[in-house]
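Numbering of ligands and ligand atoms starts at 1, following listing order.
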Amino acid sequence: MNNDDLFVCIDHVGLAVPNLDEAIKFHTEVLGWRVLHRETNVEQGVEEAMLGTGAQGAENAQIQLLAPLNENSTIAKFLDKNGPGMQQLCYRVADLDRTSAALRERGVRLLYPEPKIGTGGSRINFAHPKDVGGVLLEIVEPASSAH
Ligand code: MC0
């Protein structure tokens with residue numbers, strides 16, 4: 001199979017944090033990032049913020065701060081087990097269905113049979129960390145993609 005353009009770029013790196021406001025304060029006041037977007041995703045059990053440079057022409061991957069909405073959240077479980085830190089790496093894709101089919105064909109287990117809704121109305125799925133060298137890999141098709 002042709003490997004070209006299954007993935008577009010690194011979309012974001014997700015950090016599990018116990019408290020979103022405190023994490024935003026650190027990342028903006030100490031590290032100098034800017035908050036680009038903030039939302040609550042009840043299905044995923046997270047309160048999240050996307051941070052970036054805001055610089056003209058910057059195409060940098062973003063930093064996603066993920067705080068648990070409740071004790072059943074996957075982020076709560078991650079924090080209990082590992083403490084705060086890097087929870088996921090997210091690759092942007094042009095066509096989530098095509099990339100999902102290619103990954104499944106190659107033996108990579110995706111967590112959801114059908115895509116879920118992610119940040120900003122995007123379509124998302126996750127590859128199991130056991131199939132990706134110990135990294136929880138999210139794949140995201142931005143909301144603006146034709147679908
Ligand atoms: C678990 N493991 C991980 C991991 N989470 N490895 C690397 N990175 C992670 N984040 C490993 C554990 O160390 C363990 O390995 C094994 O996987 C099973 O872990 P577990 O602690 O028993 O946890 P599970 O199986 O209950 O849950 C893990 C799983 C879960 C990845 C299935 O976290 C999940 O469903 N994640 C996808 C959804 C998600 O993360 N939502 C929050 C972000 P050992 O060797 O100890 O067996 S929402 C989001 O990102 C949205 C808003 C967006 O961007 O648009």
Side-chain angles (χ1 to χ4, degrees), residues 5-28 30-55 58-147:
D5 66 29
L6 268 191
F7 302 109
V8 176
C9 60
I10 295 175
D11 187 87
H12 63 265
V13 173
L15 309 182
V17 303
N19 181 294
L20 189 60
D21 289 324
E22 283 174 16
I24 287 175
K25 195 170 159 57
F26 174 77
H27 281 81
T28 55
V30 178
L31 301 183
W33 291 90
R34 297 183 204 178
V35 177
L36 305 176
H37 178 79
R38 186 172 172 155
E39 74 176 69
T40 298
N41 186 323
V42 175
E43 187 179 35
Q44 289 295 324
V46 298
E47 214 191 328
E48 63 151 304
M50 283 292 194
L51 276 53
T53 65
E59 285 294 330
N60 295 335
Q62 296 179 0
I63 303 295
Q64 181 183 47
L65 302 177
L66 293 159
L69 255 192
N70 53 54
E71 63 197 20
N72 300 320
S73 165
T74 54
I75 299 301
K77 188 170 179 187
F78 181 92
L79 288 169
D80 279 348
K81 197 168 171 183
N82 308 287
M86 197 178 296
Q87 190 256 353
Q88 59 168 263
L89 171 65
C90 179
Y91 293 162
R92 191 182 303 165
V93 303
D95 184 334
L96 192 84
D97 298 325
R98 188 170 75 84
T99 300
S100 298
L103 291 177
R104 286 190 174 109
E105 195 181 303
R106 298 170 194 186
V108 176
R109 285 169 295 165
L110 299 187
L111 295 183
Y112 307 132
E114 297 296 332
K116 302 272 191 191
I117 300 300
T119 310
S122 57
R123 299 169 78 228
I124 62 171
N125 209 329
F126 293 84
H128 198 282
K130 291 293 175 197
D131 293 351
V132 196
V135 176
L136 175 60
L137 178 64
E138 179 182 347
I139 52 177
V140 61
E141 179 188 301
S144 52
S145 294
H147 255 284

Exercise for the section: Report yes or no: does Arg34 contribute a side-chain atom to a donor-acceptor pair with the main-chain N or O of Thr53 at less than 3.5 Å? Expected result: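 At least one qualifying donor-acceptor pair exists.
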Using a distance threshold of 4.0 Å (strictly less than), state whether [atom] has a protein heavy-atom neighbour.
{"atom": "atom 38 (C) of ligand 1", "value": "yes"}
{"atom": "atom 47 (O) of ligand 1", "value": "yes"}
{"atom": "atom 15 (O) of ligand 1", "value": "yes"}

Nearest heavy atom to [atom] wins, so pick from [options].
{"atom": "atom 26 (O) of ligand 1", "options": "Lys77, Gln44, His12", "value": "Lys77"}
{"atom": "atom 10 (N) of ligand 1", "options": "Lys130, His128, Gln87", "value": "Gln87"}
{"atom": "atom 30 (C) of ligand 1", "options": "Leu89, Thr40, Thr74", "value": "Thr74"}
{"atom": "atom 49 (C) of ligand 1", "options": "Gln62, Glu48, Gln88", "value": "Gln88"}

Indicate the atoms forming the closest heavy-atom contact of [X] with [Y], along with that distance.
{"X": "Ile10", "Y": "Ala61", "value": "O-CB, 3.3 Å"}
{"X": "Ile117", "Y": "Asn41", "value": "O-ND2, 3.0 Å"}
{"X": "Cys90", "Y": "Val140", "value": "SG-CG1, 3.3 Å"}
{"X": "Ala143", "Y": "Gly121", "value": "CB-O, 3.6 Å"}

Problem - Option from Asp80, Leu69, Leu66 for which side-chain contact (heavy atoms from CB on, under 4.5 Å) with Ile75 holds - result: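 When side-chain contact (heavy atoms from CB on, under 4.5 Å) is applied between Ile75 and each of Asp80, Leu69, Leu66, only Leu66 qualifies.
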Handout entry: Leu103, Leu110, Val108, Leu137 screened by side-chain contact (heavy atoms from CB on, under 4.5 Å) with Asp131, the one that passes
Key =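 For Asp131, the side-chain contact (heavy atoms from CB on, under 4.5 Å) test succeeds with only one of Leu103, Leu110, Val108, Leu137, which is Val108.
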How close does the nearest protein non-hydrogen atom get to [atom], and which residue and atom is it?
{"atom": "atom 21 (O) of ligand 1", "value": "Lys81 NZ, 3.2 Å"}
{"atom": "atom 55 (O) of ligand 1", "value": "Thr119 N, 2.8 Å"}
{"atom": "atom 53 (C) of ligand 1", "value": "Glu138 OE2, 3.2 Å"}
{"atom": "atom 4 (C) of ligand 1", "value": "Pro129 CG, 4.0 Å"}
{"atom": "atom 29 (C) of ligand 1", "value": "Leu111 CD1, 4.4 Å"}
{"atom": "atom 7 (C) of ligand 1", "value": "Gly134 O, 3.1 Å"}

Problem - Test salt bridge (Lys or Arg N to Asp or Glu O under 4.0 Å) applied to Lys77 and Glu71, step by step - result: CA-CA 8 Å; Lys77 188 170 179 187; Glu71 63 197 20; over 6 Å; no
Exercise for the section: With side-chain hydrogen bond (donor to acceptor under 3.5 Å, both in side chains) as the test, would you mind laying out the steps for His12 and Glu138 before giving the verdict? Expected result: CA-CA 9 Å; His12 63 265; Glu138 179 182 347; 3.3 Å; yes
Practice task
Mark up the atoms of ligand 1 that fall under 4.0 Å of a heavy atom belonging to Phe78, in ascending order.
Solution key: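 So the answer, numbered in order with elements, is 9 (C), 10 (N).
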Practice task
Taking only heavy atoms of Gly118 into account, list the atoms of ligand 1 that are under 4.0 Å away from them.
Solution key: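 Near Gly118, meaning under 4.0 Å from one of its heavy atoms, ligand 1 has 55 (O).
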Practice task
Please step through side-chain hydrogen bond (donor to acceptor under 3.5 Å, both in side chains) for the pair Ser122 and Glu141, ending with a clear verdict.
Solution key: CA-CA 6 Å; Ser122 57; Glu141 179 188 301; over 6 Å; no
